[in-house]
Amino acid sequence: SYTASALSFMLENLAKPVIFTGSQIPIGVLRTDGRENLITAIEVAAARVDGRPAVPEVALLFHSRLCRGNRTRKSSAEELDAFSSPNYPPLAEVGVKITYNTAAIAHVEPSNEPLRIATMLSEGVAIIKLFPGISEHTLRAILSVEGLRGVVLETYGAGNAPTSGWFLQLMRETIQRGVLVLNVTQCDNGSVEMHLYETGQRLHSAGVVSAYDMTSEAAITKLMYVLGQNLPWEQSVELIQRPLRGEFTL
């Protein structure tokens, strides 16, 4: 999910399928699921509609579903159906036939723009998961790391966080230093809605940016991609708040 999310941003002007797959059971084991996943992934990659690729985007094929890569997360270490797409419908369902959900698949207009690959990804990013009792000392130590440029802040519910004076002041200080802080919910399903509750509103006032219903995997790789372009602050924030590859729903 991290790799599929990253490539979805790195491959600019993509107009053909890039399908990720794998297996829960090693390919050398007789009952491996890897063989079926690989064959299906190849079939999806080769599928065409009206002479054009059926799925012109980065996707992840596993077991019975094809999902947008930057919408997925690994949800099980044991089940064959190991990946989920909590906030976006599958691009296709795999059974006796492969049934494509054309309404969910990215629509790519014909273009003469060449494929570009963004190779400059920022390393100065971090994910911080909030928990009850997190101390100012711990959080300040993380946010004071030299070279930090972006943070994915995993908050509670619809984007809530502590309302302690020190916490909000630390967020303001961090953002004033030029660190982009992105608010992602810890919940598997749902979206950050910072206007709903006072705690979210205070984060918004401090300059924290909503990630809406992005996964943490998509949020951190998007930060790496956007910050890697070394744009002015305002342009970076604008790109973060705009869906670039269908990674979130407004």
Side-chain angles (χ1 to χ4, degrees), residues 1-22 37-38 41-42 44-46 52-62 66-74 83 85 88 91 105-128 142-143 145-154 174-175 177-184 209-249:
S1 291
Y2 283 106
T3 308
S5 295
L7 271 189
S8 74
F9 301 116
M10 294 170 65
L11 299 178
E12 301 173 353
N13 301 323
L14 181 67
K16 60 180 64 178
V18 176
I19 311 298
F20 280 82
T21 193
N37 286 344
L38 178 59
I42 292 171
V44 168
R52 298 168 62 185
V55 187
E57 58 176 294
V58 178
L60 190 152
L61 184 285
F62 221 87
L66 176 75
C67 298
R68 177 166 292 160
N70 58 35
R71 290 287 195 150
T72 64
R73 65 189 339 160
K74 185 81 179 279
F83 288 84
S85 177
Y88 198 75
L91 305 183
I105 297 171
H107 179 69
V108 178
E109 294 290 346
S111 172
N112 294 324
E113 289 290 327
L115 174 70
R116 290 195 300 267
I117 303 175
T119 58
M120 299 299 293
L121 301 180
S122 176
E123 295 181 345
V125 297
I127 297 178
I128 299 175
I142 298 172
L143 294 174
V145 170
E146 185 177 352
L148 186 67
R149 300 182 63 199
V151 171
V152 171
L153 190 68
E154 292 191 349
T174 301
I175 293 165
R177 292 202 331 264
V179 177
L180 206 162
V181 181
L182 195 54
N183 187 350
V184 173
V209 177
S210 173
Y212 299 96
D213 60 357
M214 260 196 286
T215 63
S216 293
E217 293 88 341
I220 195 70
T221 52
K222 185 175 184 179
L223 265 181
M224 295 169 73
Y225 166 73
V226 170
L227 295 175
Q229 298 184 48
N230 293 312
L231 300 169
W233 168 266
E234 294 78 10
Q235 290 185 38
S236 294
V237 173
E238 192 275 330
L239 283 178
I240 287 292
Q241 293 183 305
R242 174 158 52 94
L244 303 178
R245 310 286 190 270
E247 68 276 10
F248 69 86
T249 305

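Keep in mind that what you see is a predicted model, and the values were worked out from it rather than measured.
Note: Asn183 CG to Leu153 CG = 6.0 Å, rounded to the nearest 0.5 Å. Atom CD1 in Ile19 sits 14.0 Å away from atom CZ in Phe62 (nearest 0.5 Å). Between Gln235 atom CD and Trp233 atom CH2 the span is 13.5 Å, to the nearest 0.5 Å.
Summarising the geometry of Leu148 relative to Val179, their closest heavy-atom pair is O-CG2, 3.4 Å, with the distance given to 0.1 Å. In terms of heavy-atom proximity, Arg71 sits nearest to Thr249 at NH2-OG1, 2.8 Å. Val108 and Ala15 make their closest contact through CG1-CB, 4.2 Å (heavy atoms, listed as atom of the first residue, atom of the second, distance). Minimum heavy-atom separation, Asn37 to Leu61: O-CD1, 3.4 Å. Between Pro17 and Ala45, the shortest heavy-atom contact is CG-O, 3.5 Å. Closest of all the heavy-atom pairs between Ile220 and Ala126 is CD1-O, 3.7 Å.
In this structure, Ile128 and Val152 have side chains that are not in contact, with every pair of non-hydrogen atoms separated by 4.5 Å or more. Counting heavy atoms from C-beta on, the side chains of Thr21 and Leu60 never come closer than 4.5 Å. Here the side chains of Val151 and Leu182 are not in contact, with every heavy-atom distance at 4.5 Å or above. Under the 4.5 Å side-chain criterion, counting only non-hydrogen atoms from C-beta, Met120 is not in contact with Gln229.
Using a distance-only test at 3.5 Å, with no hydrogens or angles considered, no donor-acceptor pair links the side chain of Asn70 to the main chain of Ala218. No side-chain donor-acceptor contact under 3.5 Å links Arg116 to the backbone of Met10. Put simply, the side chain of Glu12 never gets that close to the backbone of Ile117: no donor and acceptor are under 3.5 Å apart. Arg149 places a side-chain N or O within 3.5 Å of a backbone atom of Leu227 that can act as its donor or acceptor partner.
Ion pairing between a basic and an acidic side chain is recognised when a charged N comes within 4.0 Å of a carboxylate O; Glu247 and Lys222 show such pairing.
Listed by chain and residue number, nothing satisfies the salt bridge (charged side-chain N to carboxylate O under 4.0 Å, His left out) test with Glu234 (two or more places apart in sequence, or in another chain).
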Pair up each side-chain donor or acceptor in residues 238-246 with any protein partner under 3.5 Å, not counting sequence neighbours, and list the distances.
from	atom 1	to	atom 2	distance (Å)
Glu238	OE1	Arg242	NH2	3.2
Glu238	OE2	Arg242	NE	2.8
Arg245	NE	Ser8	O	2.7
Arg245	NH2	Phe9	O	3.0

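Screening Val18, Ile105, Leu14 against Pro56 for a side-chain contact (heavy atoms from CB on, under 4.5 Å) leaves a single residue, Ile105. With Leu223 as the fixed residue, the side-chain contact (heavy atoms from CB on, under 4.5 Å) test singles out one of Leu121, Val125, Val181: Val125.
Thr72 and Ser1 are linked by a side-chain donor-acceptor pair at a separation below 3.5 angstrom, with hydrogens and angles left out of the test. Between the side chains of Ser216 and Glu154, at least one donor-acceptor pair of N or O atoms lies under 3.5 Å.
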So Leu180 and Ser236, side-chain contact (heavy atoms from CB on, under 4.5 Å) or not? Walk me through it.
CA-CA 9 Å; Leu180 206 162; Ser236 294; 4.2 Å; yes
Determine whether Tyr2 and Ser5 satisfy the following criterion, side-chain contact (heavy atoms from CB on, under 4.5 Å), listing intermediate values before the conclusion.
CA-CA 5 Å; Tyr2 283 106; Ser5 295; 5.9 Å; no
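In the displayed structure, Lys16 atom NZ is contacted under 6.0 Å by at most 12 heavy atoms of other residues, nucleotides or ligands.
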